[in-house]
Amino acid sequence: MSVYASTVVNTPADEVWSYLRDFGNLAEWLPGMTSCEIEEGVATQPGAVRRMEGPGGSFRERLLVLDDDARSATYEILESPLAVTNYRATYRVAPVTDSGQAFIEWWATFEADDEAKLNKILTRGVFEPGLASLHKRFQDGLS
């Protein structure tokens, strides 16, 4: 199963990526997350593990790839209150060349017994509100 969401913000891609490349700042921009801390490694290097507290409990995720040239990061869930396995997600920031804006996209693949339920939780409860929060952050100049 896969989920996907995207948005465009009126900020240069390099500025947006400079913010999003920090694997440890998720609680700053993902609604519902009350804390996020790096418990292993360095927030801007593959292998970093973050622990977050949010709806339903604790989450642990590992950064697999951080590609500054492609402005993308890929991570996996290690522990989660969600009934999901083999979860791997990527977020990417690309320049919109004719406007100077940034295109942000976020997608994941996973397996679950109830894929429709998890699709709804991830799309409506994580990806869409997360991108809306980033949109507001960069539109309001909070970066």
**Request:** Report the C-alpha distance between Gln45 and Leu66 in whole Å, list the side-chain angles of each, state the deciding distance to 0.1 Å, and finish with yes or no for side-chain contact (heavy atoms from CB on, under 4.5 Å).
**Result:** CA-CA 7 Å; Gln45 294 180 6; Leu66 185 75; over 6 Å; no
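- Side chains of Asp14 and Arg71 form a contact here, defined as non-hydrogen atoms less than 4.5 Å apart.
- Side-chain contact between Leu122 and Leu82 is present, with heavy atoms from C-beta onward closer than 4.5 Å.
- For Ala83 against Ala112, the heavy-atom pair with the smallest separation is O-CB, 3.4 Å.
- For the atom pair CZ of Arg51 and CD1 of Ile38, the computed distance is 12.0 Å after rounding to the nearest 0.5 Å.
- Of the charged side-chain nitrogens involved, none lies within less than 4.0 Å of a carboxylate oxygen, so that Asp67 and Arg92 do not count as a salt-bridged pair.
- Under the 4.5 Å side-chain criterion, counting only non-hydrogen atoms from C-beta, Val93 is in contact with Leu20.
- Rounding to the nearest 0.5 Å gives a distance of 4.5 Å between CD of Glu111 and OG1 of Thr85.
- Considering every non-hydrogen atom in both Pro81 and Gly57, the closest pair reads CG-N, 4.1 Å.
- Looking only at distances, no side-chain donor or acceptor of Glu40 sits under 3.5 Å from a matching main-chain atom of Gly47.
- Classified by interplanar angle (parallel below 30°, tilted 30° to 60°, perpendicular above 60°), the ring pair Tyr91/Trp106 is perpendicular.
- Here the straight-line distance linking atom CZ of Phe59 with atom CD of Glu61 works out to 8.0 Å at 0.5 Å rounding.
- With hydrogens and angles ignored, the 3.5 Å screen pairs no side-chain donor or acceptor of Thr74 with any backbone N or O of Leu64.
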**Prompt:** Do Ile77 and Phe110 pass the side-chain contact (heavy atoms from CB on, under 4.5 Å) test, and can you show the C-alpha distance, the side-chain angles, and the key distance before you say yes or no?
**Reply:** CA-CA 10 Å; Ile77 288 180; Phe110 62 91; over 6 Å; no
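- Of the possible donor and acceptor atoms, none in the side chain of Ser133 sits under 3.5 Å from a partner among the backbone N and O of Leu30.
- The backbone N or O of Phe23 lies less than 3.5 Å from no partner atom in the side chain of Tyr75, so there is not a single donor-acceptor pair.
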**Message:** Between Thr7 and Leu134, is the side-chain contact (heavy atoms from CB on, under 4.5 Å) condition met? List the steps.
**Reply:** CA-CA 9 Å; Thr7 192; Leu134 288 170; 5.6 Å; no
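- Panel note: side chain Asn119, backbone Met1; no donor-acceptor pair is recorded below 3.5 Å.
- Side-chain contact between Pro46 and Val65 is absent, with no heavy-atom pair separated by less than 4.5 Å.
- In this structure, Trp107 CH2 and Ser6 OG are separated by 10.5 Å, a value rounded to the nearest 0.5 Å.
- Closest heavy-atom contact between Thr123 and Pro129: O-CD, 3.9 Å.
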